[in-house]
Amino acid sequence: MAVTSPAPQTPDSQPSPGWTAPVPLVVACAVAGLEALAYGAVGVVSLAAFDPDQAAFTISVGLSFLVLAGFVGFCAWRLRSLHVWARSPLVMLQLIQIPVAISLWGDGWWARVANVLMLTLSALALVGIFHPRSLAALEDADE
């Protein structure tokens, strides 16, 4: 019976033991992933509600939300892997989402629930991204 050695590990196949994402950063990335799913759903619904009279508008809004969903999801995935560059787009998204949620405060209770949810998710993501343990992990990964 021959003994075989395990396959060699490449640097990208497994992170260094010191480069594990802390819980606050994982939560922030999960929140950003949920936001990406929501943006994707808005894009699909927008394309499904196709209006031939406003074809260019419908298609551009739908595709814009789908592209945004893909980019946010990609950034969340890379930030979870401690890629420092992905932090800036996610922080910018949260900072833009806060005044948008406030400006869309509506009369219906569904609008208010959606706005409170948007504000809560933005705050949760920002707290997770700027938590001291998250910053320390990203700083260690950047070196």
Side-chain angles (χ1 to χ4, degrees), residues 4-143:
T4 60
S5 63
Q9 295 287 330
T10 61
D12 292 335
S13 65
Q14 198 170 18
S16 170
W19 287 16
T20 56
V23 172
L25 190 61
V26 171
V27 169
C29 293
V31 166
L34 285 174
E35 291 171 342
L37 288 175
Y39 290 133
V42 169
V44 169
V45 168
S46 177
L47 290 173
F50 183 77
D51 182 9
D53 294 333
Q54 299 179 343
F57 177 75
T58 304
I59 292 171
S60 64
V61 167
L63 291 179
S64 295
F65 272 105
L66 289 175
V67 168
L68 177 64
F71 182 66
V72 170
F74 180 71
C75 287
W77 172 56
R78 298 317 292 165
L79 186 62
R80 169 69 175 85
S81 301
L82 299 178
H83 289 260
V84 180
W85 66 265
R87 177 178 51 187
S88 296
L90 292 180
V91 168
M92 186 58 106
L93 171 75
Q94 306 311 319
L95 293 177
I96 291 171
Q97 190 167 291
I98 291 170
V100 168
I102 292 169
S103 71
L104 294 177
W105 193 264
D107 293 329
W109 67 276
W110 273 107
R112 291 194 178 125
V113 168
N115 292 339
V116 168
L117 185 61
M118 286 173 67
L119 290 170
T120 304
L121 290 177
S122 290
L124 187 60
L126 288 171
V127 167
I129 290 171
F130 289 113
H131 190 277
R133 288 177 50 207
S134 299
L135 294 176
L138 290 168
E139 184 178 318
D140 289 345
D142 195 30
E143 293 176 354

Restricting to side-chain contact (heavy atoms from CB on, under 4.5 Å), what partner residues turn up for [X], sequence neighbours left out?
X	result
Val84	Arg87, Leu138, Asp142
Val45	none
Pro89	Phe71, Cys75
Leu47	Leu63, Leu66

Atom pair [atom1] ([X]) and [atom2] ([Y]), whose distance is rounded to the nearest 0.5 Å:
X	Y	atom1	atom2	value
Ser122	Leu95	OG	CG	8.5 Å
Leu121	Leu93	CG	CG	10.5 Å
Cys29	Leu82	SG	CG	8.5 Å

Name all pairs fulfilling the side-chain hydrogen bond (donor to acceptor under 3.5 Å, both in side chains) condition that reach into residues 47-57, sequence neighbours left out, sorted by first residue then second.
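Passing the test, one end in residues 47-57: no pairs.
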
side-chain hydrogen bond (donor to acceptor under 3.5 Å, both in side chains) pairs touching residues 129-138, sequence neighbours excluded, are none

Mind checking ring-ring contact (aromatic ring centres under 6.0 Å, His included) for Phe74 and listing every partner two or more places apart, or none if nothing turns up?
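Once residues adjacent in sequence are excluded, the partners of Phe74 under the ring-ring contact (aromatic ring centres under 6.0 Å, His included) criterion are Trp77, Trp85.
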
Applying ring-ring contact (aromatic ring centres under 6.0 Å, His included), name anything that partners Trp105, two or more places apart in sequence or on another chain.
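Counting only residues at least two positions away or on another chain, Trp105 forms no ring-ring contact (aromatic ring centres under 6.0 Å, His included).
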
Listed partners of Ser46 passing side-chain hydrogen bond (donor to acceptor under 3.5 Å, both in side chains), at least two apart:
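In terms of side-chain hydrogen bond (donor to acceptor under 3.5 Å, both in side chains), with neighbours along the sequence ignored, Ser46 is linked to no residue.
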
Partner residues of Arg78 under the side-chain hydrogen bond (donor to acceptor under 3.5 Å, both in side chains) criterion, sequence neighbours left out:
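If we apply the side-chain hydrogen bond (donor to acceptor under 3.5 Å, both in side chains) test to Arg78, skipping adjacent residues, the hits are His83.
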
Looking at side-chain heavy atoms only, is the closest gap between [X] and [Y] below 4.5 Å?
X	Y	answer
Ile129	Leu79	yes
Val42	Leu68	no
Leu25	Leu135	no

Are there over 12 heavy-atom neighbours, none belonging to Phe50, within less than 6.0 Å of that residue's CZ?
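Counting neighbours around CZ of Phe50, more than 12 heavy atoms of other residues, nucleotides or ligands fall under 6.0 Å, so yes.
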
Would you please test Asn115 and Leu104 for side chain to side chain contact (heavy atoms under 4.5 Å, CB included) and show each step?
CA-CA 7 Å; Asn115 292 339; Leu104 294 177; 4.0 Å; yes

What donor-acceptor contacts under 3.5 angstrom involve side-chain atoms of residues 31-41, with partners at least two apart or in another chain?
| residue | atom | partner | partner atom | Å |
| --- | --- | --- | --- | --- |
| Glu35 | OE1 | Gln94 | NE2 | 2.8 |
| Glu35 | OE2 | Gln97 | NE2 | 3.2 |
| Tyr39 | OH | Gln97 | OE1 | 2.5 |

